[in-house]
A.B. asks: 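This is the structure, below, for whatever I ask next.
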Amino acid sequence: MTAPTKPPHNGPANSPSVSPLGETAGDLHAPVIDWFEEHARDLPWRRPEAGPWGVMVSEFMLQQTPVNRVLPVYEQWLARWPRPADLAADAPGEAVRAWGRLGYPRRALRLHGAAVAITERHDGDVPTDHAQLLALPGIGEYTAAAVASFAYGQRHAVLDTNVRRVFARAVTGVQYPPNATTAAERRLARALLPDDEHTASRWAAASMELGALICTAKNETCQRCPIAAQCAWRLAGKPDHEGPPRRGQTYAGTDRQVRGRLLAVLREAHAPVPQSALDRMWHEPVQRARALDGLVADGLVEPLPGGLYRLPLA
DNA sequence: CATTCGTGGTC
DNA sequence: TGACCAAGAAT
């Protein structure tokens with residue numbers, strides 16, 4: 001928590017300065033981090049005993065899935081596979097089954113693959129290096145930065161949907177960030193990153209938590225926001241989002257729904273399932289076949305001789 | 001850069 | 001009640 005010192009500068013508070021982010025950054029860190037110290041949720045992957053593996057597992061599960069639904073699966077997962085090597089020694093299909101209804105089951109497969117890679121290439125320890133994390137299956141820019149920052153206290157810009165929204169509002173003054181992450185957002189995130197490593201990792205967690213609890217997509221509660229007084233969007237009168245609508249995700253009738261139904265059958269079954277049982281899950285044969293083929297192609301389903309299917313053993 | 005990929009809760 | 005949203009990654 002570096003106490004920000006205001007640069008000597010005479011103009012009114014909102015006048016353009018030589019270093020536009022200089023004041024902004026300094027004014028945001030301390031309030032947000034202090035707020036975090038007091039209001040952070042006590043989540044299992046934030047406890048010291050979680051360790052890097054616990055942090056990594058949580059990050060996989062939290063990709064596009066709400067905290068409340070992750071919690072029970074996370075606990076069971078770590079109880080069953082307390083180290084990467086434990087998961088790597090089990091069949092990938094077991095990971096898919098244990099994933100349950102978290103959604104996007106390819107994440108389970110990738111987490112298993114990451115555990116195998118960690119066991120083979122990193123002596124069973126979650127790598128500390130950002131580039132090595134990024135090389136693991138299922139780990140992209142966000143997750144690599146998150147694991148390095150949360151598990152190892154390193155200084156990285158951790159730019160998830162929560163942080164993007166906080167920056168869009170507090171700094172840029174708009175209601176929502178762009179659909180896809182832009183270079184400008186990455187630049188801003190780096191510019192706002194505290195110099196000190198420890199402060200930077202606290203800032204990453206704190207700004208994310210602020211977006212998750214206060215600066216939410218809908219029904220934001222500016223009354224409880226530690227930086228409401230400096231929020232560009234609020235000061236501008238909270239103008240509505242302009243530009244292209246943020247794409248809605250339809251689900252009913254899509255291949256995703258069909259895949260979900262098929263995989264649910266295989267998750268519940270503990271013996272190979274005949275195709276006839278899968279056929280009952282969707283009426284339209286072309287889409288049904290396409291969904292099943294997709295699952296096989298993704299490695300989520302293993303076809304056996306005789307028209308039988310099961311979760312993959314290897 | 002746009003799509004695909006699950007699932008369930010909320011207003 | 002249906003649209004929107006939830007700690008993204010891979011292609």
Side-chain angles (χ1 to χ4, degrees), chain A residues 36 40-41 43-46 50 54-74 96 99-111 113-114 133-151 156-166 175-183 185 189 201 204-213 215-220 241 244-267 281 287 290-291 293-295 297-301:
Chain A
F36 182 65
R41 291 167 292 180
L43 300 170
W45 44 86
R46 286 180 178 163
V55 171
M56 181 172 147
V57 169
S58 79
E59 290 302 335
F60 270 76
M61 292 183 172
L62 288 164
Q63 291 168 3
Q64 299 287 282
T65 303
V67 166
N68 290 330
R69 227 179 321 150
V70 164
L71 283 169
V73 182
Y74 171 87
V96 173
W99 197 255
R101 307 188 66 80
L102 287 183
Y104 293 147
R106 291 188 295 191
R107 290 181 294 165
L109 226 42
R110 291 172 184 150
L111 180 52
L133 287 165
L134 198 55
L136 297 173
I139 295 193
E141 183 56 43
Y142 161 76
T143 303
V147 172
S149 180
F150 301 155
H156 292 282
V158 180
L159 201 54
D160 80 320
T161 185
N162 290 305
V163 175
R164 294 181 62 214
R165 189 174 51 248
V166 168
Q175 187 176 22
Y176 296 118
N179 262 329
T181 306
T182 63
E185 287 182 276
S201 69
S207 54
M208 193 175 310
E209 189 79 338
L210 186 66
L213 296 184
C215 194
T216 47
K218 293 187 299 187
N219 301 324
E220 67 281 356
H241 177 73
R246 292 134 74 243
R247 69 179 184 288
Q249 355 170 335
T250 52
Y251 179 62
T254 61
D255 286 5
R256 286 152 81 178
Q257 183 182 23
V258 185
R259 287 167 55 109
R261 286 202 187 183
L262 298 181
L263 200 59
V265 171
L266 297 171
R267 250 192 269 115
M281 302 310 297
Q287 189 180 25
R290 186 171 65 230
D293 285 349
L295 289 170
D298 287 346
L300 284 163
V301 171

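Bear in mind that the values here come from a model prediction, so they are computed numbers and not experimental data. Throughout, protein chains are lettered first and strands after them, A, B, ... in sequence-line order, and every chain is numbered starting at 1.
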A.B. asks: Tell me which of A/Arg41 and A/Leu134 sits closer to the 5' end of DNA chain C, going by the nucleotide each one is nearest to.
C.D. replies: A/Arg41

A.B. asks: Which is true for A/Gly103 with a 4.0 Å heavy-atom rule: it touches a base, it touches only sugar-phosphate, or it touches nothing?
C.D. replies: base

A.B. asks: What interatomic distance, in whole Å, is found between P of C/dC4 and the corresponding atom of B/dT3?
C.D. replies: 15 Å

A.B. asks: For A/Arg267 and B/dT7, is the shortest distance between a side-chain N/O and OP1 or OP2 below 4.0 Å?
C.D. replies: yes

A.B. asks: Give the rounded distance in Å between these two atoms: OH of A/Tyr176 and P of C/dC4.
C.D. replies: 10 Å

A.B. asks: Check the distance between B/dC5's C1' and A/Arg107's CZ and give it to me in whole angstrom.
C.D. replies: 10 Å

A.B. asks: What contact category does A/Thr161 fall into here, base, sugar-phosphate, or nothing, at under 4.0 angstrom with non-hydrogen atoms?
C.D. replies: sugar-phosphate

A.B. asks: Quick check: does any side chain N or O of A/Arg107 sit under 3.5 Å from a backbone N or O of A/Gln63, one acting as donor and the other as acceptor?
C.D. replies: yes

A.B. asks: What distance, rounded to whole Å, do you find between the two P atoms, one in B/dC5 and one in C/dA7?
C.D. replies: 22 Å

A.B. asks: Would you say A/Arg110 reaches C/dA9's phosphate, i.e. side-chain N/O to OP1/OP2 under 4.0 Å?
C.D. replies: no

A.B. asks: Whole angstroms only, please: what is the CD-C1' distance between A/Gln175 and C/dC4?
C.D. replies: 13 Å

A.B. asks: Looking only at the side chains, is there a donor atom on one of A/Tyr142 and A/Glu59 sitting less than 3.5 Å from an acceptor on the other?
C.D. replies: yes

A.B. asks: Between protein and nucleic acid, restricted to nucleotides 8-11 of chain B and to nitrogen or oxygen atoms under 3.5 Å apart, what atom pairs and distances do you find?
C.D. replies:
from  : atom 1 : to       : atom 2 : distance (Å)
B/dG8 : OP1    : A/Arg101 : NE     : 2.3
B/dG8 : OP2    : A/Arg101 : NH2    : 3.2

A.B. asks: Quick check against the 3.5 Å criterion: does A/Ser149 have a side-chain atom that pairs as donor or acceptor with the backbone of A/Ala146?
C.D. replies: no

A.B. asks: Reckon A/Ala146 touches a base, only the sugar-phosphate, or nothing at all at heavy-atom distances under 4.0 Å?
C.D. replies: nothing

A.B. asks: So A/Arg290, base contact, sugar-phosphate only, or nothing? Heavy-atom distance under 4.0 Å.
C.D. replies: nothing

A.B. asks: Could you tell me whether a side-chain N or O of A/Glu185 sits under 3.5 Å from a main-chain N or O of A/Arg164, the two making a donor and an acceptor?
C.D. replies: no

A.B. asks: Looking at A/Cys215, is its backbone amide N or carbonyl O close enough to the side chain of A/Arg165 to form a donor-acceptor pair, meaning the two atoms are under 3.5 Å apart?
C.D. replies: yes

A.B. asks: Does any residue of residues 56-64 of chain A have a heavy atom under 4.0 Å from DNA chain B, and if so, which ones, in number order?
C.D. replies: A/Gln64

A.B. asks: Could you state the CE-P distance from A/Met208 to C/dA6, rounded to the nearest angstrom?
C.D. replies: 13 Å

A.B. asks: Under 4.0 Å, heavy atoms only, any strand: does A/Leu102 hit a base, just the sugar-phosphate, or nothing?
C.D. replies: base

A.B. asks: Are any side-chain N or O atoms of A/Gln287 and backbone N or O atoms of A/Gly253, one a donor and one an acceptor, separated by less than 3.5 Å?
C.D. replies: yes

A.B. asks: Remember a base hit wins even if backbone is also touched, and classify A/Gln257 as base, sugar-phosphate or nothing at under 4.0 Å, heavy atoms.
C.D. replies: nothing

A.B. asks: Check the distance between B/dT7's C1' and A/Arg106's CZ and give it to me in whole angstrom.
C.D. replies: 15 Å

A.B. asks: Donor-acceptor pair, distance only, cut-off 3.5 Å: does the side chain of A/Arg101 make one with the backbone of A/Ala264?
C.D. replies: no

A.B. asks: More 5' along DNA chain B: A/Ala180 or A/Gly260, using each one's nearest nucleotide?
C.D. replies: A/Ala180

A.B. asks: Among the candidates C/dA6, C/dG8, C/dA7, find the nucleotide nearest to the side-chain atoms of A/Thr143.
C.D. replies: C/dG8

A.B. asks: Heavy atoms from C-beta onward define the side chain here; which of C/dA9, C/dA6, B/dG6 lies closest to that of A/Tyr142?
C.D. replies: C/dA9

A.B. asks: For A/Arg256 and A/Asn179, find the nucleotide of DNA chain B closest to each by heavy atoms; which residue's nucleotide sits nearer the 5' end?
C.D. replies: A/Asn179

A.B. asks: Just by distance, do the side chain of A/Thr65 and the backbone of A/Leu102 share a donor-acceptor pair under 3.5 Å?
C.D. replies: yes

A.B. asks: Nearest whole angstrom, please: distance from the P of C/dA3 to the NE2 of A/His241.
C.D. replies: 18 Å

A.B. asks: Considering every strand and a 4.0 Å limit on heavy-atom distances, what is the contact class for A/Leu111: base, sugar-phosphate, or nothing?
C.D. replies: nothing

A.B. asks: Please test A/Leu300 against A/Leu109 for side chain to side chain contact (heavy atoms under 4.5 Å, CB included), starting from the C-alpha separation and ending with a verdict.
C.D. replies: CA-CA 7 Å; A/Leu300 284 163; A/Leu109 226 42; 3.8 Å; yes

A.B. asks: Using the P atom in both, what is the distance from B/dG8 to C/dA9, to the nearest Å?
C.D. replies: 23 Å

A.B. asks: Rounded to whole Å, please give me the gap between OH in A/Tyr104 and C1' in C/dC5.
C.D. replies: 11 Å

A.B. asks: Looking at every strand, decide which applies to A/Trp99 at a 4.0 Å heavy-atom threshold: base, sugar-phosphate, or nothing.
C.D. replies: nothing

A.B. asks: With distance as the sole test, does A/Arg267 use its side chain to make a donor-acceptor pair with the main-chain N or O of A/Gly100 at under 3.5 Å?
C.D. replies: yes

A.B. asks: Whole angstrom is fine here: how far is it from CG in A/Asn162 over to P in C/dA6?
C.D. replies: 7 Å

A.B. asks: Please check: side-chain N/O of A/Tyr176 versus main-chain N/O of A/Ala217, any donor-acceptor pairing under 3.5 Å?
C.D. replies: yes

